[in-house]
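One structure is given below, encoded as structure tokens.
Letters A, B, ... are given to chains in the order of the sequence lines, protein chains preceding strands, and every chain is numbered from 1. Only a predicted model underlies this, so the values are computations on that prediction, with no experimental measurement involved.
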There are 2 protein chains.
Amino acid sequence: MKNKTKAIRIGDMRSPCPIANTLDIIGDKWTLLVIRDLFAGKSTYSEFQSSPESIPTNILANRLKRLAEYDVIHKTPYQQRPVRYAYQLTAKGRSLGPLLLAMAEWGKKNIAGTEARMKLDL
Amino acid sequence: MKNKTKAIRIGDMRSPCPIANTLDIIGDKWTLLVIRDLFAGKSTYSEFQSSPESIPTNILANRLKRLAEYDVIHKTPYQQRPVRYAYQLTAKGRSLGPLLLAMAEWGKKNIAGTEARMKLDL
DNA sequence: CCTAGTTACTTGCTTTATGCAAGTAACTAT
DNA sequence: ATAGTTACTTGCATAAAGCAAGTAACTAGG
């Protein structure tokens with residue numbers, strides 16, 4: 001099994017802590033929203049863009065690239081002429097389900113005015 | 001119950017999604033490391049600074065302030081002359097335990113070279 | 001009293017990341 | 001031939017992060 005991803009980064013870690021290293025992959029305001037959308041069944045660039053938070057297009061491209069590098073998602077062409085891509089969660093990506101669930105639960109309990117409008121297949 | 005915190009922010013939300021709103025509070029590379037330290041029993045400014053990730057001092061001050069504003073932690077003086085403060089998790093903060101646990105588990109399983117060196121009282 | 005040390009920050013400045021608008025490539029449909 | 005759609009990229013302004021140094025309020029030692 002060749003390693004083309006950034007999965008192994010020993011040496012350039014800020015610490016060996018699993019939380020710190022997870023944050024280096026998903027620790028920002030946008031990444032988990034893309035992953036949420038994937039859990040909600042979305043898979044194309046325009047579907048991600050259509051989410052209510054309106055992710056900037058360059059940031060979306062950047063996050064999709066990073067997630068693919070870390071093997072959390074992968075990109076496959078779903079049609080030719082013109083070629084269009086579908087993004088989907090890898091096994092590693094799907095295993096973020098419990099984290100997403102914990103976050104959604106915390107938000108619903110602790111932040112007034114929040115409401116889950118999409119059904120996630122966690 | 002008076003509300004001096006930012007707990008209620010209806011109107012300036014980017015969406016009603018609980019995940020999006022949780023990310024607006026803890027979605028960055030540092031906040032959850034401070035919370036991790038609190039779960040590990042740390043409580044002073046210098047203890048947070050001594051963690052292996054070496055959080056910049058101005059960012060630490062900023063995050064402590066924000067977490068207090070959102071009622072995730074609170075600050076109490078533990079001595080006079082000179083006055084020194086201890087930070088501790090509120091009930092709201094302690095309820096982040098499952099989220100932190102899910103994140104630690106994901107990191108341990110999916111990122112090579114990670115290792116939990118602190119015991120968290122989740 | 002004077003100097004060094006500690007804790008808990010704040011300030012100034014440089015670098016990096018975010019956010020917005022516009023532009024491009026490769027098509028399809030009329 | 002022109003307009004529309006999808007999936008991006010590029011340029012530029014603003015905001016946040018990161019680093020080093022400085023400050024305030026003390027304590028302890030010579």
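- Here B:Tyr78 reaches the OP1 or OP2 of C:dA8: one of its side-chain N or O atoms lies under 4.0 Å away.
- Cluster membership for B:Leu23 and A:Leu120, using ILVMFWY side-chain heavy atoms within less than 4.5 angstrom, is shared.
- Summarising the geometry, atom SG belonging to A:Cys17 is positioned 4.5 Å from atom CZ belonging to B:Arg36; distances are rounded to the nearest 0.5 Å.
- Between A:Ile55 atom CD1 and C:dA17 atom C1' there is a gap of 13 Å when expressed in whole angstrom units.
- In this structure, A:Leu23 places its CG atom 15 Å from C1' of D:dA17, rounding to the nearest Å.
- Going from atom CZ of A:Arg66 over to atom CD1 of A:Ile73 covers 11.0 Å, rounded to the nearest 0.5 Å.
- Between A:Thr31 and A:Val72, the closest side-chain pair of non-hydrogen atoms is not below 4.5 Å.
- Distance check: B:Glu115 CD to B:Lys108 NZ gives 10.0 Å after rounding to the nearest 0.5 Å.
- Regarding contacts with the backbone of C:dC9, a side-chain N or O of B:Tyr87 is found under 4.0 angstrom from either OP1 or OP2.
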Contact pattern, 5' to 3', of nucleotides 18-30 of chain C - B, S or - by protein heavy atom under 4.0 Å: SBB-B----SS--
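- For the atom pair NZ of A:Lys29 and CG of B:Asp24, the computed distance is 5.5 Å after rounding to the nearest 0.5 Å.
- What separates CG of B:Leu60 from C1' of C:dC9 is a distance of 9 Å, to the nearest Å.
- Of all the residues in residues 36-49 of chain B, B:Thr44, B:Tyr45, B:Ser46 reach under 4.0 Å from DNA chain C with at least one non-hydrogen atom.
- In this structure, the CD atom of B:Glu53 is 13 Å from the P atom of D:dC19, given to the nearest Å.
- B:Tyr78 and B:Leu67 fall into different hydrophobic clusters, where Ile, Leu, Val, Met, Phe, Trp and Tyr are joined by side-chain heavy atoms under 4.5 Å apart, directly or via other members.
- No continuous path of ILVMFWY side-chain contacts below 4.5 Å connects A:Leu60 to A:Tyr85, so the two sit in separate hydrophobic clusters.
- Counting any heavy atom pair closer than 4.0 Å across all strands shown, B:Lys75 reaches sugar-phosphate atoms only and no base atom.
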